[in-house]
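A quick write-up on the structure given underneath.
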Amino acid sequence: MGDYSVVVLDFETTGLSPDNGDRAIEIGAVLVRDNQLVDRFQSLMNPGKRISLFIQDYTGITNAMLKKAPPIDEVMDEFSNFMAGHHLVAHNAGFDRRFLDAELQRIGKRRTQEFACSMLASRRIYPDAPSHNLEALVRYTDIATDGTFHRALADAEMTARLWIGMINELKTAYRLRQVSFDLMQRLSKISKASAPAYLSRIAETP
DNA sequence: TGCCAGGCCCTCTTTAGGGCCTT
């Protein structure tokens, strides 16, 4: 489990909760190693049922597109190989973690690696951002974009660039040589109020 | 047909409520 590689992932789904029968319809993921995007994974998935007009409008993914897509089980099996051995990151990770774990469970697999959240990290690293949704953070931090939002690979790539940007921000602001996944995860788990003191303490530690 | 989550975070808080964030 390398400290310096993470898989940043994003799901498009039929709704908000796998416990209510919602399923994944697209996964996008980027492998980040040494703060570089070095590999990508993307696939639509056929959930075996029609998706709502809201989801079609929100994502641009249509029922016609999903009809031609491979089944979820097949894609998730491939993706479990892609993510193997890497820590995981997502924006509002609780959402993607629930879907990842639910879809893996359906194919008899289980996630073992740690999951970190770029949204929780951004609330601590960019407390003055006007909003901490992905699109607002992309604009706030001047991340290049082709204007595509709410598609899995585009969102995963932007989240990966946001993650790299936050690591670089910490390196610069606190004169750190390296910022590990563990540090990012700890920063996200401590209360937002105590984050500034925590970071100052890290900066003083050689 | 109608309904629909979960966790963080703030505050007019802790015997709670509501906005944000993800689709």
Side-chain angles (χ1 to χ4, degrees), chain A residues 6-30 42-66 69 72 75-76 79 83 88-106 111 114-141 143 145 148-163 165-166 184-199:
Chain A
V6 293
V7 164
V8 184
L9 65 97
D10 182 69
F11 278 106
E12 304 307 315
T13 70
T14 64
L16 288 174
S17 173
D19 291 339
N20 280 347
D22 288 318
R23 301 295 305 273
I25 58 173
E26 186 182 38
I27 179 141
V30 181
Q42 183 275 333
S43 184
L44 291 170
M45 296 176 257
N46 186 345
K49 60 181 179 183
R50 293 183 64 80
I51 60 171
S52 70
L53 193 57
F54 173 82
I55 295 298
Q56 293 187 66
D57 286 345
Y58 188 76
T59 63
I61 298 167
T62 65
N63 280 300
M65 292 162 70
L66 294 178
I72 302 178
V75 176
M76 290 308 300
F79 181 70
M83 73 175 194
L88 303 175
V89 170
H91 201 67
N92 197 19
F95 175 85
D96 294 278
R97 190 190 63 237
R98 283 193 296 277
F99 276 96
L100 177 63
D101 291 351
E103 295 297 357
L104 287 176
Q105 188 178 15
R106 284 170 174 268
R111 171 182 60 87
E114 292 289 309
F115 225 129
C117 178
S118 55
M119 186 193 71
L120 292 181
S122 75
R123 284 179 177 167
R124 288 144 179 81
I125 295 169
Y126 303 124
D128 297 330
S131 166
H132 295 84
N133 68 51
L134 183 58
E135 185 165 354
L137 287 165
V138 163
R139 299 193 196 293
Y140 184 72
T141 60
I143 290 170
T145 162
T148 305
F149 289 93
H150 309 306
R151 282 301 299 267
L153 185 57
D155 284 5
E157 287 203 18
M158 289 184 289
T159 303
R161 297 189 193 285
L162 173 65
W163 189 254
M166 289 192 290
M184 293 291 279
Q185 198 181 35
R186 277 202 302 278
L187 178 63
S188 303
K189 283 180 176 175
I190 62 173
S191 79
K192 194 186 169 194
S194 60
Y198 176 76
L199 286 168

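Residue numbers start from 1 in every chain, and the chains themselves are labelled A, B, ... in the order their sequence lines are given, proteins ahead of strands. Scope of the values below: all heavy atoms of this structure, side chains included, with no hydrogens, waters or symmetry mates.
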Between the NE2 atom in A:H91 and the CG atom in A:D155, the distance rounded to the nearest 0.5 Å is 9.5 Å
Measuring from A:T14:OG1 to A:R50:CZ, what's the distance to the nearest 0.5 Å? 13.5 Å
Minimum side-chain heavy-atom gap A:D10-A:E26 below 4.5 Å: no
Whole angstroms only, please: what is the [atom1]-[atom2] distance between [X] and [N]?
X	N	atom1	atom2	result
A:K192	B:dT11	NZ	P	9 Å
A:E26	B:dT22	CD	C1'	15 Å
A:E103	B:dT23	CD	C1'	13 Å
A:D101	B:dG6	CG	C1'	14 Å
A:F115	B:dC21	CZ	P	19 Å
A:L16	B:dG6	CG	C1'	10 Å
A:I55	B:dT22	CD1	P	13 Å
A:L44	B:dT23	CG	P	15 Å

Measuring only the [atom1] atom in each nucleotide, how far is [N] from [M]? A whole number of Å is fine.
N	M	atom1	answer
B:dG2	B:dC20	C1'	26 Å
B:dC8	B:dC4	P	23 Å
B:dT14	B:dC10	C1'	13 Å
B:dC12	B:dG6	P	29 Å
B:dG18	B:dT1	P	31 Å
B:dT15	B:dC21	C1'	28 Å
B:dC3	B:dC9	C1'	28 Å

So, OP1 or OP2 of [N]: does either fall under 4.0 Å of a side-chain N or O from [X]?
X	N	answer
A:R124	B:dC9	yes
A:S191	B:dC9	no
A:H150	B:dT23	yes

A:I51/A:N63 under side chain to side chain contact (heavy atoms under 4.5 Å, CB included): CA gap, chis, key distance, verdict: CA-CA 6 Å; A:I51 60 171; A:N63 280 300; 3.5 Å; yes
Just to be sure I understand the rule, does [X] reach a base, reach only the sugar-phosphate, or reach nothing, if contact means heavy atoms closer than 4.0 Å?
X	result
A:N20	base
A:F99	nothing
A:D57	nothing
A:G94	nothing
A:L134	sugar-phosphate
A:S131	sugar-phosphate

As a test of reading the structure: which of [options] is closest to the side chain of [X], going by heavy atoms?
X	options	value
A:L120	B:dC9, B:dC21, B:dT22	B:dC9
A:D10	B:dT23, B:dG6, B:dC4	B:dT23
A:N92	B:dA5, B:dT22, B:dC8	B:dT22

Using the side chain to side chain contact (heavy atoms under 4.5 Å, CB included) rule, take A:F79 and A:L104 through it: C-alpha gap first, then chi angles, then the decisive distance, then the call. CA-CA 10 Å; A:F79 181 70; A:L104 287 176; over 6 Å; no
Heavy-atom neighbours of A:E135 CD exceed 12 at 6.0 Å: yes
Considering heavy-atom distances to DNA chain B, does A:D22 or A:A193 have its closest nucleotide positioned more toward the 5' end? A:D22
The residue, A:S17 or A:Y58, whose nearest nucleotide of DNA chain B is more 5′ is A:S17
Audit row: A:L100, A:M76, side chain to side chain contact (heavy atoms under 4.5 Å, CB included) steps and yes/no: CA-CA 9 Å; A:L100 177 63; A:M76 290 308 300; 3.7 Å; yes
